[in-house]
Amino acid sequence: QGHEFRFGPCQVEGVALPRLWEAFQTMKDTVQAQDNITSVRLLRREVLQNVSGAESCHLTHDLLKFYLNTVFKNYHSKIAELKMLPSLSSLANNFLFIVSKLQPSNHESLSVSDSAHRRFLLFKRAFKQLEIEAALTKAFGEVDILLTWMGKFYR
Amino acid sequence: DGVAALPAPQNLSVHSINMKHLLIWSPVVLPEEKVYYSVEYQGEYESLYTSDIWIPSKWCSRTEGPECDVTDDITATVPYSLRVRAILGSQTSAWSILEQPFNRNSTILTPPGMEISKDGFHLVIELEDLGPQFQFLVAYWRREPDTKEHAKVVRRGGIPVHLETMEPGALYCVKAQALVKAIGRNSAFSQTKCVEVQGEALPL
(Lines give C-alpha, C1' and ligand atoms only; values in the text may rest on other atoms or scores of the structure.)
Protein backbone atom coordinates (compact mmCIF):
# COMPACT_ATOMS: atom_id res chain seq x y z
CA GLN A 1 0.00 0.00 0.00
CA GLY A 2 2.64 2.47 -1.04
CA HIS A 3 1.60 6.02 -1.68
CA GLU A 4 4.75 7.87 -2.44
CA PHE A 5 6.91 8.70 -5.44
CA ARG A 6 10.57 9.64 -4.95
CA PHE A 7 11.85 11.23 -8.17
CA GLY A 8 15.31 11.98 -6.86
CA PRO A 9 14.98 15.01 -4.58
CA CYS A 10 11.28 15.37 -5.42
CA GLN A 11 8.81 13.52 -3.22
CA VAL A 12 5.11 13.17 -4.02
CA GLU A 13 2.75 11.62 -1.50
CA GLY A 14 -0.96 11.00 -1.96
CA VAL A 15 -1.16 9.21 -5.29
CA ALA A 16 -1.81 5.47 -5.41
CA LEU A 17 -0.08 4.07 -8.51
CA PRO A 18 -2.44 1.04 -8.62
CA ARG A 19 -5.35 3.44 -9.07
CA LEU A 20 -3.62 5.01 -12.08
CA TRP A 21 -3.11 1.55 -13.60
CA GLU A 22 -6.77 0.74 -12.95
CA ALA A 23 -7.85 3.93 -14.74
CA PHE A 24 -5.59 3.29 -17.75
CA GLN A 25 -6.45 -0.43 -18.00
CA THR A 26 -10.07 0.42 -18.82
CA MET A 27 -8.91 2.45 -21.85
CA LYS A 28 -5.75 0.58 -22.85
CA ASP A 29 -7.03 -2.09 -25.23
CA THR A 30 -9.41 0.21 -27.07
CA VAL A 31 -6.83 2.95 -27.56
CA GLN A 32 -3.89 0.71 -28.40
CA ALA A 33 -6.03 -1.12 -30.99
CA GLN A 34 -6.32 2.18 -32.87
CA ASP A 35 -2.54 2.65 -33.10
CA ASN A 36 -1.58 1.36 -36.56
CA ILE A 37 2.04 2.49 -36.57
CA THR A 38 3.69 -0.40 -34.81
CA SER A 39 7.21 0.43 -36.00
CA VAL A 40 7.50 3.61 -33.96
CA ARG A 41 7.77 4.07 -30.21
CA LEU A 42 7.74 7.56 -28.68
CA LEU A 43 8.87 6.66 -25.16
CA ARG A 44 11.77 4.66 -26.44
CA ARG A 45 14.86 3.37 -24.64
CA GLU A 46 16.93 6.54 -25.08
CA VAL A 47 14.21 8.56 -23.36
CA LEU A 48 13.66 6.49 -20.25
CA GLN A 49 16.66 4.23 -19.69
CA ASN A 50 19.32 4.95 -17.04
CA VAL A 51 17.61 8.12 -15.86
CA SER A 52 19.36 9.38 -12.72
CA GLY A 53 17.38 10.29 -9.65
CA ALA A 54 18.12 13.96 -10.12
CA GLU A 55 17.06 13.87 -13.77
CA SER A 56 13.85 11.95 -13.00
CA CYS A 57 12.18 14.92 -11.32
CA HIS A 58 12.77 17.17 -14.36
CA LEU A 59 11.83 14.49 -16.88
CA THR A 60 8.64 13.45 -15.06
CA HIS A 61 7.61 17.09 -14.80
CA ASP A 62 8.14 17.66 -18.56
CA LEU A 63 6.45 14.42 -19.64
CA LEU A 64 3.37 14.76 -17.41
CA LYS A 65 2.91 18.41 -18.42
CA PHE A 66 3.06 17.37 -22.08
CA TYR A 67 0.48 14.67 -21.49
CA LEU A 68 -1.82 17.14 -19.70
CA ASN A 69 -1.39 20.07 -22.12
CA THR A 70 -1.25 18.15 -25.37
CA VAL A 71 -2.15 14.45 -25.28
CA PHE A 72 -5.08 14.30 -22.88
CA LYS A 73 -6.44 17.67 -23.94
CA ASN A 74 -6.56 16.84 -27.63
CA TYR A 75 -7.58 13.21 -27.21
CA HIS A 76 -10.39 14.11 -24.80
CA SER A 77 -13.22 14.10 -27.38
CA LYS A 78 -12.18 10.66 -28.64
CA ILE A 79 -12.28 9.34 -25.06
CA ALA A 80 -15.68 11.00 -24.59
CA GLU A 81 -16.97 9.14 -27.66
CA LEU A 82 -15.67 5.91 -26.14
CA LYS A 83 -17.53 6.79 -22.93
CA MET A 84 -14.36 6.50 -20.85
CA LEU A 85 -14.24 10.01 -19.42
CA PRO A 86 -14.25 8.92 -15.75
CA SER A 87 -11.06 6.92 -16.31
CA LEU A 88 -9.33 9.75 -18.16
CA SER A 89 -10.48 12.17 -15.48
CA SER A 90 -8.94 10.03 -12.75
CA LEU A 91 -5.65 9.70 -14.62
CA ALA A 92 -5.45 13.37 -15.64
CA ASN A 93 -6.34 14.77 -12.21
CA ASN A 94 -3.75 12.58 -10.53
CA PHE A 95 -1.12 13.63 -13.12
CA LEU A 96 -2.11 17.24 -12.37
CA PHE A 97 -1.66 16.60 -8.65
CA ILE A 98 1.79 15.05 -9.23
CA VAL A 99 2.92 17.95 -11.42
CA SER A 100 1.74 20.42 -8.79
CA LYS A 101 3.98 18.69 -6.22
CA LEU A 102 7.07 18.34 -8.44
CA GLN A 103 9.42 21.28 -7.96
CA PRO A 104 12.45 20.48 -10.09
CA SER A 105 15.06 22.52 -8.30
CA ASN A 106 17.41 24.78 -10.18
CA HIS A 107 20.16 24.14 -7.65
CA GLU A 108 21.26 21.03 -9.47
CA SER A 109 23.95 21.33 -12.07
CA LEU A 110 22.86 22.61 -15.45
CA SER A 111 23.89 19.28 -16.94
CA VAL A 112 21.19 17.41 -14.99
CA SER A 113 18.33 19.53 -16.25
CA ASP A 114 19.88 19.69 -19.72
CA SER A 115 20.20 15.93 -19.86
CA ALA A 116 16.59 15.49 -18.74
CA HIS A 117 15.44 18.08 -21.26
CA ARG A 118 17.33 16.35 -24.09
CA ARG A 119 15.52 13.11 -23.26
CA PHE A 120 12.19 14.92 -23.31
CA LEU A 121 13.02 16.53 -26.67
CA LEU A 122 13.74 13.08 -28.14
CA PHE A 123 10.20 12.11 -27.18
CA LYS A 124 8.65 15.37 -28.38
CA ARG A 125 10.49 15.26 -31.72
CA ALA A 126 9.28 11.73 -32.35
CA PHE A 127 5.75 12.89 -31.50
CA LYS A 128 5.95 15.83 -33.93
CA GLN A 129 7.16 13.61 -36.75
CA LEU A 130 3.83 11.77 -36.81
CA GLU A 131 0.52 13.05 -38.13
CA ILE A 132 -1.28 14.61 -35.16
CA GLU A 133 -4.09 12.04 -34.76
CA ALA A 134 -1.65 9.15 -35.03
CA ALA A 135 0.73 10.85 -32.60
CA LEU A 136 -2.03 11.43 -30.01
CA THR A 137 -3.23 7.84 -30.29
CA LYS A 138 0.29 6.43 -29.95
CA ALA A 139 1.24 8.69 -27.03
CA PHE A 140 -1.98 7.88 -25.21
CA GLY A 141 -1.41 4.19 -25.81
CA GLU A 142 2.10 4.49 -24.34
CA VAL A 143 0.82 5.58 -20.90
CA ASP A 144 1.55 2.01 -19.78
CA ILE A 145 5.23 2.53 -20.65
CA LEU A 146 5.13 5.80 -18.71
CA LEU A 147 3.45 4.24 -15.64
CA THR A 148 5.88 1.31 -15.70
CA TRP A 149 8.79 3.74 -15.66
CA MET A 150 7.18 5.86 -12.91
CA GLY A 151 6.74 2.66 -10.91
CA LYS A 152 10.51 2.49 -10.46
CA PHE A 153 10.25 5.58 -8.28
CA TYR A 154 7.24 4.41 -6.27
CA ARG A 155 7.54 3.32 -2.63
CA ASP B 1 -45.20 27.18 -23.77
CA GLY B 2 -46.73 28.13 -20.41
CA VAL B 3 -44.97 25.34 -18.48
CA ALA B 4 -43.51 26.73 -15.22
CA ALA B 5 -39.76 26.28 -15.21
CA LEU B 6 -38.68 23.38 -12.98
CA PRO B 7 -36.87 24.94 -9.99
CA ALA B 8 -33.20 24.06 -9.58
CA PRO B 9 -32.03 22.29 -6.41
CA GLN B 10 -30.64 24.64 -3.74
CA ASN B 11 -28.22 24.59 -0.80
CA LEU B 12 -25.66 22.18 -2.20
CA SER B 13 -22.98 21.03 0.22
CA VAL B 14 -20.62 18.09 0.70
CA HIS B 15 -20.48 16.10 3.91
CA SER B 16 -17.23 14.15 3.95
CA ILE B 17 -16.29 11.85 6.79
CA ASN B 18 -13.49 9.26 6.67
CA MET B 19 -13.07 9.66 2.90
CA LYS B 20 -16.79 9.05 2.19
CA HIS B 21 -18.07 12.07 0.32
CA LEU B 22 -21.82 12.77 0.26
CA LEU B 23 -23.22 15.60 -1.86
CA ILE B 24 -26.53 16.83 -0.40
CA TRP B 25 -29.05 19.49 -1.44
CA SER B 26 -32.51 20.79 -0.60
CA PRO B 27 -35.14 18.74 -2.48
CA VAL B 28 -37.38 20.30 -5.12
CA VAL B 29 -40.88 19.72 -3.74
CA LEU B 30 -43.82 19.65 -6.19
CA PRO B 31 -47.20 18.38 -5.02
CA GLU B 32 -47.95 14.88 -6.30
CA GLU B 33 -44.91 14.85 -8.52
CA LYS B 34 -41.89 12.57 -8.42
CA VAL B 35 -38.74 14.61 -8.99
CA TYR B 36 -35.43 12.96 -9.86
CA TYR B 37 -31.96 14.46 -9.91
CA SER B 38 -28.82 14.22 -12.01
CA VAL B 39 -25.31 14.87 -10.67
CA GLU B 40 -22.17 15.67 -12.65
CA TYR B 41 -18.57 16.50 -11.69
CA GLN B 42 -15.43 18.17 -12.99
CA GLY B 43 -11.95 17.65 -11.58
CA GLU B 44 -9.40 20.44 -11.62
CA TYR B 45 -8.09 19.02 -14.90
CA GLU B 46 -11.44 19.39 -16.62
CA SER B 47 -12.01 22.87 -15.29
CA LEU B 48 -8.56 23.95 -16.52
CA TYR B 49 -8.33 22.14 -19.86
CA THR B 50 -11.84 21.13 -20.98
CA SER B 51 -14.14 23.39 -19.02
CA ASP B 52 -17.20 22.63 -21.11
CA ILE B 53 -16.94 18.94 -20.21
CA TRP B 54 -18.83 17.63 -17.17
CA ILE B 55 -18.85 13.94 -16.28
CA PRO B 56 -21.98 12.13 -15.05
CA SER B 57 -21.56 10.85 -11.49
CA LYS B 58 -21.04 7.11 -11.32
CA TRP B 59 -24.02 6.47 -9.03
CA CYS B 60 -26.32 9.45 -9.59
CA SER B 61 -26.92 10.11 -13.27
CA ARG B 62 -30.60 9.74 -12.30
CA THR B 63 -31.35 9.48 -8.59
CA GLU B 64 -34.27 10.09 -6.26
CA GLY B 65 -31.93 12.14 -4.05
CA PRO B 66 -31.64 14.56 -2.39
CA GLU B 67 -28.15 13.17 -1.86
CA CYS B 68 -25.43 11.44 -3.87
CA ASP B 69 -22.39 9.43 -2.81
CA VAL B 70 -19.64 10.95 -4.96
CA THR B 71 -16.81 9.01 -3.33
CA ASP B 72 -16.05 7.00 -6.49
CA ASP B 73 -16.04 10.15 -8.61
CA ILE B 74 -13.45 11.96 -6.47
CA THR B 75 -10.30 9.99 -7.31
CA ALA B 76 -7.55 12.57 -6.88
CA THR B 77 -6.55 15.06 -4.20
CA VAL B 78 -7.46 18.11 -6.29
CA PRO B 79 -10.49 20.45 -6.19
CA TYR B 80 -13.66 19.04 -7.79
CA SER B 81 -16.68 21.02 -8.96
CA LEU B 82 -20.08 19.36 -8.58
CA ARG B 83 -23.47 20.25 -10.03
CA VAL B 84 -27.05 18.97 -9.73
CA ARG B 85 -30.24 19.51 -11.66
CA ALA B 86 -33.82 18.34 -11.17
CA ILE B 87 -35.65 16.10 -13.65
CA LEU B 88 -39.45 15.81 -13.97
CA GLY B 89 -40.58 13.77 -16.90
CA SER B 90 -39.01 15.41 -19.93
CA GLN B 91 -38.37 18.65 -18.07
CA THR B 92 -34.98 19.49 -16.54
CA SER B 93 -34.11 22.41 -14.28
CA ALA B 94 -31.08 24.64 -14.58
CA TRP B 95 -27.89 23.29 -13.05
CA SER B 96 -26.97 24.28 -9.50
CA ILE B 97 -23.23 24.27 -8.91
CA LEU B 98 -21.51 23.67 -5.55
CA GLU B 99 -20.35 27.07 -4.39
CA GLN B 100 -16.83 26.04 -3.37
CA PRO B 101 -15.03 23.21 -5.20
CA PHE B 102 -14.53 20.20 -2.93
CA ASN B 103 -11.10 18.67 -2.18
CA ARG B 104 -10.98 15.33 -0.39
CA ASN B 105 -8.15 16.55 1.80
CA SER B 106 -10.84 18.38 3.81
CA THR B 107 -12.55 15.16 4.86
CA ILE B 108 -13.24 14.77 8.60
CA LEU B 109 -11.18 11.94 10.09
CA THR B 110 -12.64 10.39 13.24
CA PRO B 111 -10.70 8.30 15.74
CA PRO B 112 -11.08 4.65 14.64
CA GLY B 113 -13.30 2.19 16.48
CA MET B 114 -11.27 -0.62 18.04
CA GLU B 115 -11.84 -3.82 20.01
CA ILE B 116 -9.20 -5.10 22.42
CA SER B 117 -9.22 -8.75 23.40
CA LYS B 118 -7.07 -11.38 25.17
CA ASP B 119 -6.28 -14.61 23.48
CA GLY B 120 -4.65 -16.43 26.36
CA PHE B 121 -1.68 -14.18 27.16
CA HIS B 122 -1.86 -12.48 23.77
CA LEU B 123 -3.06 -8.88 23.46
CA VAL B 124 -5.09 -8.61 20.25
CA ILE B 125 -6.63 -5.57 18.55
CA GLU B 126 -9.21 -5.35 15.79
CA LEU B 127 -9.73 -1.96 14.19
CA GLU B 128 -12.75 -0.62 12.34
CA ASP B 129 -12.61 -1.38 8.61
CA LEU B 130 -12.67 2.09 7.01
CA GLY B 131 -11.68 1.02 3.51
CA PRO B 132 -8.48 0.55 1.48
CA GLN B 133 -7.24 4.13 1.88
CA PHE B 134 -6.83 3.72 5.65
CA GLN B 135 -3.91 2.53 7.74
CA PHE B 136 -3.66 2.80 11.53
CA LEU B 137 -1.03 3.74 14.07
CA VAL B 138 -1.52 1.72 17.28
CA ALA B 139 0.22 2.76 20.51
CA TYR B 140 0.33 0.26 23.39
CA TRP B 141 2.06 0.08 26.73
CA ARG B 142 2.14 -1.76 30.02
CA ARG B 143 0.74 0.43 32.77
CA GLU B 144 3.53 0.76 35.27
CA PRO B 145 5.98 3.48 36.32
CA ASP B 146 8.48 4.54 33.62
CA THR B 147 6.70 2.45 31.09
CA LYS B 148 7.76 2.51 27.46
CA GLU B 149 5.16 3.11 24.77
CA HIS B 150 5.33 0.84 21.71
CA ALA B 151 3.92 1.70 18.30
CA LYS B 152 2.77 -0.47 15.41
CA VAL B 153 1.37 0.41 11.95
CA VAL B 154 -1.63 -1.75 11.04
CA ARG B 155 -2.20 -1.83 7.28
CA ARG B 156 -5.90 -2.76 7.32
CA GLY B 157 -8.93 -2.71 9.54
CA GLY B 158 -11.38 -5.53 10.08
CA ILE B 159 -8.81 -8.20 10.98
CA PRO B 160 -7.42 -9.21 14.40
CA VAL B 161 -3.81 -8.19 14.92
CA HIS B 162 -1.48 -9.46 17.65
CA LEU B 163 0.19 -6.70 19.59
CA GLU B 164 2.00 -8.21 22.57
CA THR B 165 2.41 -11.28 24.72
CA MET B 166 1.32 -10.17 28.18
CA GLU B 167 2.55 -11.11 31.60
CA PRO B 168 0.03 -12.21 34.26
CA GLY B 169 -1.09 -9.57 36.75
CA ALA B 170 -0.11 -6.65 34.49
CA LEU B 171 -2.40 -4.05 32.94
CA TYR B 172 -1.93 -3.27 29.24
CA CYS B 173 -3.36 -0.18 27.51
CA VAL B 174 -3.95 0.64 23.84
CA LYS B 175 -4.99 3.62 21.69
CA ALA B 176 -5.11 4.09 17.90
CA GLN B 177 -5.35 6.74 15.18
CA ALA B 178 -6.27 6.48 11.49
CA LEU B 179 -3.73 7.45 8.77
CA VAL B 180 -4.75 8.41 5.19
CA LYS B 181 -1.70 8.69 2.94
CA ALA B 182 -3.79 9.82 -0.05
CA ILE B 183 -4.30 13.13 1.70
CA GLY B 184 -1.33 13.06 4.10
CA ARG B 185 -3.43 13.38 7.22
CA ASN B 186 -4.33 11.40 10.36
CA SER B 187 -7.19 11.36 12.87
CA ALA B 188 -6.97 12.10 16.58
CA PHE B 189 -6.19 9.15 18.82
CA SER B 190 -9.05 7.02 20.04
CA GLN B 191 -9.81 6.71 23.72
CA THR B 192 -7.43 4.43 25.58
CA LYS B 193 -8.63 0.94 26.40
CA CYS B 194 -6.91 -1.36 28.94
CA VAL B 195 -7.01 -5.07 29.72
CA GLU B 196 -5.51 -7.10 32.51
CA VAL B 197 -4.30 -10.66 32.51
CA GLN B 198 -5.41 -12.61 35.59
CA GLY B 199 -2.91 -14.48 37.71
CA GLU B 200 0.02 -13.52 39.90
CA ALA B 201 2.70 -11.26 38.68
CA LEU B 202 5.87 -13.22 37.95
CA PRO B 203 8.66 -12.83 40.57
CA LEU B 204 11.38 -10.47 39.41
Taking a cut-off of under 4.5 angstrom between non-hydrogen atoms, the residues of residues 51-83 of chain B near chain A are B/Ile53, B/Ile55, B/Thr75, B/Ala76, B/Thr77, B/Val78, B/Tyr80

Answer yes or no: are there more than 12 heavy-atom neighbours, outside [X] itself, under 6.0 Å from its atom [atom1]?
| X | atom1 | result |
| --- | --- | --- |
| B/Lys193 | NZ | yes |
| B/Gln191 | CD | no |
| B/Glu149 | CD | yes |
| B/Lys20 | NZ | no |

Cut-off 4.5 Å, heavy atoms of chain B, and the answer for A/Phe95 is neither

If one checks every heavy atom of B/Arg185 against chain A at 4.5 Å, the contacting part turns out to be neither

By side-chain hydrogen bond (donor to acceptor under 3.5 Å, both in side chains), B/Tyr49 pairs with (sequence neighbours left out) A/Asn69

Those residues of residues 24-33 of chain A that come under 4.5 Å of chain B on a heavy-atom basis, listed by number, are none

Residues 76-88 of chain A vs chain B, non-hydrogen distance cutoff under 4.5 Å, contacting residues -> A/His76, A/Leu85, A/Pro86

Using 0.5 Å steps for rounding, measure from the [atom1] atom of [X] to the [atom2] atom of [Y].
| X | Y | atom1 | atom2 | result |
| --- | --- | --- | --- | --- |
| A/Ser89 | B/Gln42 | OG | CD | 9.0 Å |
| B/Leu48 | A/Leu96 | CG | CG | 6.0 Å |
| A/Lys73 | B/Glu46 | NZ | CD | 13.5 Å |

